[in-house]
Amino acid sequence: MSDGATLQIVLLGPPGAGKGTQAALLVRKLGIPHVSTGEILRGEITRGTERGDQARVFMEQGRLVPDELVLDLVRGRLASSDCEQGFLLDGFPRSTIQAEELCRMIAGRTKRFMAASIVVSDEEIVRRLAGRRTCTSCGAIFHLEFEPPRQPDACDKCGGALVQREDDREEVIQRRLRIYRRDTEPLLDYYRAKNRLLEVGGQASVEAVQSQLLAGLGLRS
Ligand code: AMP
């Protein structure tokens, strides 16, 4: 058994696999920071930074943001003191180049490293993402089918406007999936070859997937 404070976790899986949900539960349990590159990039866009401007067009089209920009953001984030005792990366790395850079970034740190992959079929992903709605004020996430808000266009928590993320439109989802299969899926072999890969089925309930993750990572539920 290991405690989370010594873990560096990479969460892999196609868009809509439930990485964000599982990550939030894991970091709460383990007390390590949740580093989501998608969230960081959306934050840059909201703040109207130059990086946000550069990233926006790629994100809206469901394409990967150029490595240089993402690597810079991740390097900065992992250098923060709260990441010294471990972290959970969600949405990064997304390509072999990013994985190799990550390896260099954390070289010399003695923490235990694991990549956990959440496996979900393409059909299920389209169903999940097409119904997802996000609050423009507080970021809360709803689902028209699985977690419907009381009103279809208003947040239950803060009353803010609920919108569909530009990249959750069906044609964009299909592109994101193709890019995942082409650029990110090879990372499964990359981490398997290093004996660092844990695979869990993502079509069970949120709690069941969480239990599989905790057990596979050698942590208590
Ligand atoms: P996510 O919230 O993880 O689904 O990310 C949303 C979008 O942000 C992706 O479709 C990409 O356009 C961009 N993005 C997030 N993480 C990365 C990354 N590691 N490399 C390149 N682009 C990324």
Side-chain angles (χ1 to χ4, degrees), residues 8-24 26-27 33-47 49-78 83 87-106 115-120 122 124-136 138-143 163-188 190-191 202:
Q8 294 169 334
I9 304 170
V10 159
L11 211 48
L12 296 170
K19 296 190 296 296
T21 305
Q22 295 298 334
L26 275 175
V27 297
H34 177 187
V35 180
S36 155
T37 42
E39 282 302 313
I40 295 175
L41 289 164
R42 283 186 286 277
E44 295 279 331
I45 292 177
T46 306
R47 292 200 307 281
T49 65
E50 198 178 319
R51 282 167 166 166
D53 278 352
Q54 288 165 1
R56 179 190 285 112
V57 53
F58 295 95
M59 293 175 75
E60 285 182 353
Q61 294 176 355
R63 299 180 195 280
L64 293 187
V65 171
D67 284 334
E68 242 169 274
L69 202 164
V70 176
L71 287 168
D72 239 32
L73 289 170
V74 173
R75 206 171 281 119
R77 183 67 190 88
L78 295 192
C83 289
F87 51 78
L88 184 152
L89 276 167
D90 161 11
F92 180 93
R94 258 175 155 99
S95 65
T96 310
I97 291 178
Q98 293 184 3
E100 284 168 349
E101 279 301 319
L102 172 64
C103 196
R104 278 190 271 278
M105 283 178 218
I106 60 177
S117 164
I118 305 178
V119 182
V120 180
D122 286 10
E124 174 71 11
I125 284 160
V126 173
R127 205 167 125 230
R128 288 184 184 181
L129 292 184
R132 183 158 80 173
R133 295 292 180 272
T134 309
C135 175
T136 48
C138 73
I141 297 170
F142 298 86
H143 193 283
V163 295
Q164 181 172 43
R165 262 168 56 177
E166 195 58 32
D167 57 351
D168 280 346
R169 288 180 299 117
E170 182 146 356
E171 68 273 23
V172 183
I173 295 171
Q174 297 291 0
R175 182 184 298 139
R176 289 167 70 197
L177 274 172
R178 283 198 301 278
I179 292 175
Y180 177 79
R181 302 287 176 220
R182 189 192 66 200
D183 295 338
T184 311
E185 217 165 49
L187 292 183
L188 303 187
Y190 176 89
Y191 287 123

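Ligands are counted one by one from 1 in listed order, and the atoms in each one are counted from 1 as well.
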I need the nearest protein heavy-atom contact for [atom]: residue, atom name and distance, please.
atom                    : value
atom 10 (O) of ligand 1 : Arg176 NE, 4.0 Å
atom 8 (O) of ligand 1  : Met59 CE, 3.3 Å
atom 14 (N) of ligand 1 : Leu41 CD1, 3.5 Å
atom 11 (C) of ligand 1 : Arg63 O, 3.5 Å

Minimum heavy-atom distance Leu129-Asp168, with the two atoms named:
O-CB, 3.7 Å

Nearest heavy atoms of Val10 and Pro93, plus distance in Å:
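Of all heavy-atom pairs spanning Val10 and Pro93, the closest is CG1-CD, 3.7 Å.
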
Using the rule side chain to side chain contact (heavy atoms under 4.5 Å, CB included), only one of Leu11, Leu102, Ile9 pairs with Leu89; which is it?
Leu102

Going by side chain to side chain contact (heavy atoms under 4.5 Å, CB included), Arg51 matches just one of Val70, Ile40, Leu69, Val65. Which one?
Leu69

With a 4.5 Å limit on heavy-atom distance, are the side chains of Gln98 and Val74 in contact?
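A side-chain contact is absent here, since even the closest heavy-atom pair is not under 4.5 Å.
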
Which segment of Val65 sits under 4.0 Å of ligand 1 when only heavy atoms are counted
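For Val65, backbone and side-chain atoms both sit under 4.0 Å from ligand 1.
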
Who gets closest to atom 3 (O) of ligand 1 by heavy atom: Arg175, Gln61, Lys19, Arg94?
Arg94

Counting heavy atoms only, which of Leu11, Leu89, Thr37, Leu64 is nearest atom 16 (N) of ligand 1?
Thr37

If I apply the N/O under 3.5 Å rule, does Gln98 come out as touching ligand 1?
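Right, the criterion is met.
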
Examine Val70 against ligand 1 and note whether any of their N/O atoms are separated by less than 3.5 Å.
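No, since none of the N or O atoms of Val70 sits under 3.5 Å from an N or O of ligand 1.
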
Among the heavy atoms of Arg56, does any lie under 4.0 Å from an atom of ligand 1?
no

For Glu39, enumerate each residue passing the side-chain hydrogen bond (donor to acceptor under 3.5 Å, both in side chains) test, keeping only those at least two apart in sequence or located in another chain.
Arg42

salt_bridge(Glu185, Arg182) N-O dist < 4.0 Å:
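Not counted as a salt bridge, because no side-chain N and carboxylate O are separated by less than 4.0 Å.
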
Under 4.0 Å between a Lys/Arg side-chain N and an Asp/Glu carboxylate O for Arg132 and Asp167?
no

Which of the atoms in ligand 1, numbered in the order shown and given with their element, are less than 4.0 Å from a heavy-atom of Arg42?
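Every atom of ligand 1 under 4.0 Å from some heavy atom of Arg42: 2 (O), 6 (C).
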
